[in-house]
There are 2 protein chains.
Amino acid sequence: MADLSKKTVERLCVYHRELLELENEGTDHIFSHQLAKRAGVSPVQLRHDIMGIGYSGSPARGYEISEMLKSIAKQLLSTKQQNVAIVGIGNLGRAIMAYFHGRRENIRIIAGFDSDLQKINRTISGCYCYSMNDIERICKYHKIKAAIIAVPEREAQDIAEKLSQAGIRGIMNFAPVRLVLPDSIYVENLDMALTLEKVAYFARQ
Amino acid sequence: MADLSKKTVERLCVYHRELLELENEGTDHIFSHQLAKRAGVSPVQLRHDIMGIGYSGSPARGYEISEMLKSIAKQLLSTKQQNVAIVGIGNLGRAIMAYFHGRRENIRIIAGFDSDLQKINRTISGCYCYSMNDIERICKYHKIKAAIIAVPEREAQDIAEKLSQAGIRGIMNFAPVRLVLPDSIYVENLDMALTLEKVAYFARQ
DNA sequence: ATATTACTGTTAAATAAATAACAACGTTAA
DNA sequence: TTAACGTTGTTATTTATTTAACAGTAATAT
Ligand SMILES: NC(=O)c1ccc[n+]([C@@H]2O[C@H](COP(=O)([O-])OP(=O)(O)OC[C@H]3O[C@@H](n4cnc5c(N)ncnc54)[C@H](O)[C@@H]3O)[C@@H](O)[C@H]2O)c1
Ligand SMILES: NC(=O)c1ccc[n+]([C@@H]2O[C@H](COP(=O)([O-])OP(=O)(O)OC[C@H]3O[C@@H](n4cnc5c(N)ncnc54)[C@H](O)[C@@H]3O)[C@@H](O)[C@H]2O)c1
């Protein structure tokens, strides 16, 4: 398996999603420029990305959707279900749990964690919630390798370290703070305040 | 005003936030390597970014926080309050409205829009909500140039076009779909499903 | 005074990413 | 049968971004 860049992985996910939709619509073949348009990238870039995963289309018919899906999935998606945890069952945490509940089959939010006693030992938005004390046990039991942080800013670093301790290798962080963690842990910050500032900046230019 | 790259703008926002916190803590000077650590970047990159905005520190004392804040703000932040709109007052929209309410003074979510009659003409999570019919009028009246899309996927493209019509120049899009819009409109996608897939991918590597 | 130190700002080099260029190849139409 | 077409895969080129190198500088210690 070649190691794909962060950007390439991101785009492959987009292609995968668009291809799934096309397949549902009953389409069986597609040209690079068509798929590129749907994905919001240039056709050359799409072909370049596809080159990286070893799949080939035909100059005459373009890409065969079902085969291409298989190739992308082989590179990106785990063969078995990937279990994900979420820490912080607040406004945002609940919205996320509700959103992901029963949605993706490959990735599943399987456990919630919170320090608030009101929230633990019950199912919220389709996801069972545990005490923070259970975090290591549950993560190891369910082989959870990725987690979502949706706790207040000041708690985030501490939670990140606990997750690291529990064997987590990837974190999607919503707290507006840069986590300091070993390089072996992949962190993706979804920082809304920051993003909105960026959007506001470019909207002015 | 030099035109800063997307990445640089993003990092400057992080520096700005960290500097504000440092100022609150009573610190008045800081060295590049200290601030860089807090921001999660390399010291060289930080100095490079700072070079771009024209501010200079002293080799002896490092950067003067209050001055540096002013310089960054001058480049990034609007002098007047920037009003932002949000379309889609669902689970996510409400969480966002609650989060931003009374938080930032520079950027403010000033109007919500939804097609659901239950939600319009009242204040939800600290933000007044309007009918979709009012979108152009309100956006122009409040000089809204940036907007958040939090409507279901299938509605997003249509809403984006309506926003474009209403004079919006920047969009933060939460719907898992690539919006097709003129290049003059800056779009930032916060695609959680995609991001989670990416995190899961790198967590496996 | 002067050397040392630890930092900054800036230029140069290296790396990463996107774009362009084009040969190879089926398909279609003449 | 063959020429024209439109598309792919791949290699080059360009552009963007990051990292490294180092001269300049103010404070401090000698
Ligand atoms: N709500 C949003 O739309 C939004 C937008 C941008 C950023 N964020 C960020 O996302 C995070 C969560 O935001 P929110 O609005 O859901 O906050 P919230 O206050 O609604 O929820 C926070 C949750 O974390 C739990 N918690 C607190 N400390 C904890 C700990 N030590 N261990 C485990 N759980 C703990 C609380 O019990 C609560 O359930 C914050 O960092 C916030 O800055 C949220
Ligand atoms: N909830 C999450 O955490 C989450 C996570 C990832 C992505 N998203 C995306 O964010 C968007 C919103 O998610 P949600 O969970 O809040 O959904 P939701 O169903 O709770 O809310 C959607 C809101 O949009 C409104 N709406 C529908 N059509 C509209 C139209 N044409 N004009 C104006 N308003 C309209 C609805 O009335 C509703 O209030 C979706 O695109 C979803 O895919 C949400």
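By convention in this document, chain letters (A, B, ...) are assigned in the order of the sequence lines, proteins followed by strands, and residues within each chain are numbered from 1.
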Report the distance from atom CD of B:Gln45 to atom C1' of C:dT15, rounded to the nearest whole Å.
-> 13 Å

Considering only heavy side-chain atoms of A:His33, the closest of C:dT8, D:dT11, D:dT7 is D:dT7

Contact under 4.0 Å: A:Ser42 side-chain N or O vs C:dT19 OP1/OP2 | yes

Quickly work out the A:Leu46 CG to D:dT8 P distance and round it to whole Å.
-> 8 Å

Please figure out whether A:Lys7 or B:Tyr55 has its closest DNA chain C nucleotide nearer the 5' end.
-> B:Tyr55

Using a cut-off of less than 4.0 Å, is there contact between a side-chain N or O of A:Arg47 and OP1 or OP2 of D:dG9?
-> no

Phosphate contact (D:dG9 OP1 or OP2) by A:Ser56 side-chain N/O below 4.0 Å | yes

Assert: residue with more 5' nearest nucleotide on DNA chain D, out of B:Asp49 and A:Ala60, is A:Ala60

Whole-Å distance between C:dT8 P and B:Glu64 CD?
-> 14 Å

Using a 4.5 Å cut-off on heavy atoms from C-beta on, say whether the side chain of B:Arg178 contacts that of B:Asp191.
-> yes

Determine the sole option in B:Ile159, B:Ile89, B:Asn173 for which the side chain to side chain contact (heavy atoms under 4.5 Å, CB included) test with B:Val151 is passed.
-> B:Ile159

Side-chain N or O of A:Ser32 less than 4.0 angstrom from OP1 or OP2 on D:dT8?
-> yes

Under 4.0 angstrom between A:Arg61 side-chain N/O and C:dG26 OP1 or OP2 = no

Atom-to-atom span, CZ of A:Phe31 to P of C:dT27 - whole angstrom = 11 Å

So does A:Arg11 get a side-chain nitrogen or oxygen closer than 4.0 Å to the phosphate oxygens (OP1/OP2) of C:dA18?
-> yes

Tell me which nucleotide among D:dT25, C:dA12, D:dT7 gets nearest to the side chain of B:Pro59.
-> D:dT25

Starting from P on C:dC7, measure out to NE2 on B:His29 and report it in whole angstrom.
-> 15 Å

Residues in residues 180-191 of chain A with a heavy atom under 4.0 Å of DNA chain D, by number, are none

Measure the acute angle between the ring planes of B:Tyr63 and B:Tyr55, then classify it against the limits of 30° and 60° as parallel, tilted or perpendicular.
-> tilted

Short side-chain donor-acceptor distance under 3.5 Å, A:Gln165 and A:Glu161 | no

Of all pairs that satisfy salt bridge (charged side-chain N to carboxylate O under 4.0 Å, His left out), the ones with a partner from residues 35-45 of chain A, not counting sequence neighbours = A:Glu18-A:Arg38, A:Glu21-A:Arg38, A:Glu25-A:Arg38

Report which part of the nucleic acid A:Ser5 touches: base, sugar-phosphate, or nothing (heavy-atom distance under 4.0 Å, all strands).
-> sugar-phosphate

Send over the distance from B:Glu10 CD to D:dA16 P, rounded to a whole Å.
-> 18 Å

Heavy-atom neighbours of A:Tyr141 OH exceed 12 at 6.0 Å = no

B:Leu35 CG to C:dC7 C1', in whole Å, measures 15 Å

When you check the gap from the basic side-chain N to the acidic O, do B:Glu10 and B:Lys7 get nearer than 4.0 Å?
-> no

Ring geometry between B:His33 and B:Phe31 (parallel below 30°, tilted from 30 to 60°, perpendicular above 60°) | parallel

Of C:dA20, D:dT17, D:dA21, the nucleotide closest to the side chain of A:Val44 is C:dA20

Send over the distance from A:Tyr63 OH to D:dT7 P, rounded to a whole Å.
-> 12 Å

